[in-house]
2 protein chains.
Amino acid sequence: MFELLMQSCLDKAWEVQTLALPNPSVACMVLDQNYRLLSLQTHTKAHTPHAEVRALAEAFNALSAVPFPKDIDPLDKQANYNFLAQNHSDLFKECTLLVTLEPCNHFGKTPPCAALLCALKPKRVIVGALEQHPPAQGGLKRLQEAGIEVIVLDLPACYDLLYPFKCLSKRGVFNLFKIATRLDGNYQGKISGTKSLNFTHNQRGVAQTLIISGQSARTDRPLLDHRFADPLYQDRLCDVAILSRNPVIDRSLPLFGVAGREVRLYTRVQDLPLHTGFNIIEGGWHLLASLQDHIDMLLTHTNTSLEPHQPIPHHAKAHFTPHHAQILDHDLLTWHSCGSTNL
Amino acid sequence: MFELLMQSCLDKAWEVQTLALPNPSVACMVLDQNYRLLSLQTHTKAHTPHAEVRALAEAFNALSAVPFPKDIDPLDKQANYNFLAQNHSDLFKECTLLVTLEPCNHFGKTPPCAALLCALKPKRVIVGALEQHPPAQGGLKRLQEAGIEVIVLDLPACYDLLYPFKCLSKRGVFNLFKIATRLDGNYQGKISGTKSLNFTHNQRGVAQTLIISGQSARTDRPLLDHRFADPLYQDRLCDVAILSRNPVIDRSLPLFGVAGREVRLYTRVQDLPLHTGFNIIEGGWHLLASLQDHIDMLLTHTNTSLEPHQPIPHHAKAHFTPHHAQILDHDLLTWHSCGSTNL
C-alpha cells in the first residue's frame, strides 16, 4: 500500500516540478495511526518550509486540540520549524510519514528536517528515494538511531522526479523547453486554460532566463510577464532572451514594456544564456529543432481541442521519454526527458 | 487515504477501459488488516470473473497456507467464485476491499459478487460509485445487512470511468475515435510502440465494427487484424467498415485477406454502422471532422517523438474533456469525452 500512496505523493510533487529550484521537488504525506490522511504537502519554493514541515504543520491542526497559530506565516521556514519542535506534545508518535526524498540532514538557516523528525518521533518514515546531495545525506541513519522505523522504497519514479534538481546541482544548468499546442500539434491563437497559464507564470518567477524566438516576439507580441502567477512567485521575474537572426528588433514590442527585467537579443544559438541556471525556452517545433541539443526536458501543454489551421512544416526529429502526465482542466501537461536521466 | 487508494484502482481500471464491454471497467483492491496490499485486479473481459473475484482469488494466495488450486482456470467465472465461497475459511474477515463500483447483486450464470462478499465477510468494503444498472443494484444494502462496514466515496471520477458502459447500456451504442500521432499531431509512418499496439489489438477483439477511411485503406494498406492481442482477446475479431466516396476498392488490399471477419464498403457517413454496439473509428483529423457528431469518446495515442513531415491541413473544430492519461513506454494514451458524461 505504501508504494501506491507514494504514487500520490509523486503526483503531488510533479504539480510543483521546477518551482522549488534550485531545491528538488518533494512531497510529504502524514497519516495517523489508522492510516487516515492528515496532510499531503509539497516544498513549493526555495527559502520556504520543506515539504515535511508543511505537512507536519497541517497534520498538527488535525491532531491537536490547540490550532496551529495563525500568526505564524506558513512560508516562514524558521517559525514553522520552531513551533513544531517546541509544541509537538508527542502528537505525532503514532503517525506514518511518506516522503518522496530522504529528509535533509544539513544545517542551513534552520536545523535539518531529520532533526525535527527525531524530536517529533513519528512511528514510521517511508522514503521514496535516497538523498543524492552529499551535504544533506545521513537523515535516515539519524531517524533510525532515534528509534523511528524507516522504510526505503527506492523507486525509480522518485529518482526521476529529482531530474531537474540533479541537472542544476550537478551540471549547473537545467534547460526546459515548453510548448503549448492543441491536440493536432498546432499552436495558433490563444491555447492554454487558466490553470495551465498559472503554472507557466509561476515558473517565470523562478527561472533565470526565458528564451523565445524573434519571430514569436514579433508575430505573437507576448508580454512574457507573470501577471497570472500566485503571489508567492511574484517577487521576481525572469529575464528574456530573444533569438533572432535579424539583429534589429522593434523596441516598442509589448515585452520591452515590462518593468524590472532585462530583455537581450541574441543572433546566434551558441551565445544564448543556456549554460547556467534554470532556463525556459518557450516556442514551437522550429525553435525546438534549433535548440534540441541544449534541452534537458520538454514540457508539453496540450489543450484538448482542435481548430482548423494552416499547418507549418518543421524539421525536428527527436525521441523523448515521458515521465509524468497531469490533467489541468482542458490541458494535459506532460513532462519528458530528452536523454538518459542518470546523472 | 481510501480516496488516494481509490485513485490507484481507477488508474488500474482505465488500463482495461472498453475491454470488458458490454460490462463496465471495474478494479478491486484487497488490503489485509495492516492495510498491506494483497491484490489489485480488474474485470478484463465479459464472461470472465468480476474484479472482486479476481482480486479475492489473488488475495487468497497471499493469506492462505494452501495455495489457490492451479487447475482452476483464472478465467472461469463459476469455478473461481465457487472455490472462494467454499474455501475462504474466514481468511478475509480482517480485510478491506476497495471497488470502483458497487458490487453487483444480480443472478446471472453465477450468483452475484455481493453474495460472495456476504459469505466471505471482509471487515470493510469501500465503493467509488454506486451501481447505475437497476438489475445489479442493492449490493451495498446486502453487505450492510451481513454486518460488513460499507463506505461509499461517491467520486465523480469513478462515475466517469463508467461512461463507455453507460453509453452502451443506455443508448445501445458507444463510438470511440482512436488516433495515433506524434507530439506534433502528425501520423505519417509507423508510430505506436508495442504496448500501445497491444491495447489497440485487444480492443479489436471486443469491438463490433472497426471503421476506417478509404484513403487510409488504400494508402496505409493496414491489415487491421489483432495479431498483437493477448490470447484472451483473440477468440473473435471485429468487422471492418470502410468509408469511401469512391465505391470501387481494390479487393486485393491486405485487409481483405484476414479470415473470419467481414469487410464492407460505405459511401455515405449516414449508412455507417454507428448506431449500435461498441465501434472504433481509427483515422486522422479529417475523418474525425467528418464523424465528429457520432463520437462519444476520443482516445489519443501520442508517441513522444517528432519526425520532419509535410503536414496536412484539416477542418476539425472541437473541444474535448480529458479524463485519464496513462504512459505506456513512449506512448501517452489519453481518454477524452466529446460531450457531457451525464447520461
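Chain identifiers are assigned alphabetically (A, B, ...) following the order of the sequence lines, protein sequences preceding nucleic acid strands; residue numbering begins at 1 within each chain. The structure presented is a predicted model; accordingly, all values stated were derived computationally and were not measured.
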Can you tell which part of [X] gets under 4.5 Å to a heavy atom of chain A, answering side chain, backbone, both or neither?
X	result
B:L288	side chain
B:L332	side chain
B:T321	both
B:T302	neither

Please state whether the rings of B:F199 and B:W335 are parallel, tilted or perpendicular, taking 30° and 60° as the class boundaries. perpendicular
Plane angle bin for A:H309 and B:H314 - parallel if under 30°, tilted between 30 and 60°, otherwise perpendicular: perpendicular
Highest number of heavy-atom pairs under 4.5 Å with chain A among B:T181, B:N34, B:L37, B:D184 belongs to B:D184
Which of A:H323, A:H319, A:Q7, A:Q326 touches chain B most, by non-hydrogen pairs under 4.5 Å: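 The residue among A:H323, A:H319, A:Q7, A:Q326 with the greatest pair count is A:H319.
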Can you sort out the partners of B:D329 under side-chain contact (heavy atoms from CB on, under 4.5 Å), two or more places apart, ordered by chain and number? B:K195
Residues in side-chain contact (heavy atoms from CB on, under 4.5 Å) contact with B:S39, at least two apart in sequence or another chain: B:V30, B:A55, B:E58, B:A59
Which atoms of [X] are under 4.5 Å from chain B, going by heavy atoms: the side chain, the backbone, both sets, or neither?
X	answer
A:L4	both
A:L298	side chain
A:I327	side chain

Which residue pairs satisfy the salt bridge (charged side-chain N to carboxylate O under 4.0 Å, His left out) criterion with at least one member in residues 304-319 of chain A, sequence neighbours excluded?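 Every pair satisfying salt bridge (charged side-chain N to carboxylate O under 4.0 Å, His left out) with a residue in residues 304-319 of chain A: A:E307-B:K317, A:K317-B:E307.
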Taking B:H294 as the fixed residue, which of B:V269, B:I281, B:N279 is the one that meets the side chain to side chain contact (heavy atoms under 4.5 Å, CB included) rule?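 Of the listed options, the one satisfying the test is B:V269.
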Check B:I212 against B:E282 and note the closest heavy-atom contact, atom names and distance. CG2-O, 3.5 Å
Residues 150-158 of chain B vs chain A, non-hydrogen distance cutoff under 4.5 Å, contacting residues -> none
For the residue pair A:S196 / A:H301, report whether a side-chain donor-acceptor contact shorter than 3.5 Å exists.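 Yes - a donor-acceptor pair under 3.5 Å links their side chains.
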Report yes or no: does B:T304 contribute a side-chain atom to a donor-acceptor pair with the main-chain N or O of B:H330 at less than 3.5 Å?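 The answer is yes, because a donor-acceptor pair under 3.5 Å joins these two groups.
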Spell out, as yes or no, whether a donor-acceptor pair under 3.5 Å connects the side chain of A:Y187 to the backbone of A:W285.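 Side chain of A:Y187 to backbone of A:W285: a pair is present.
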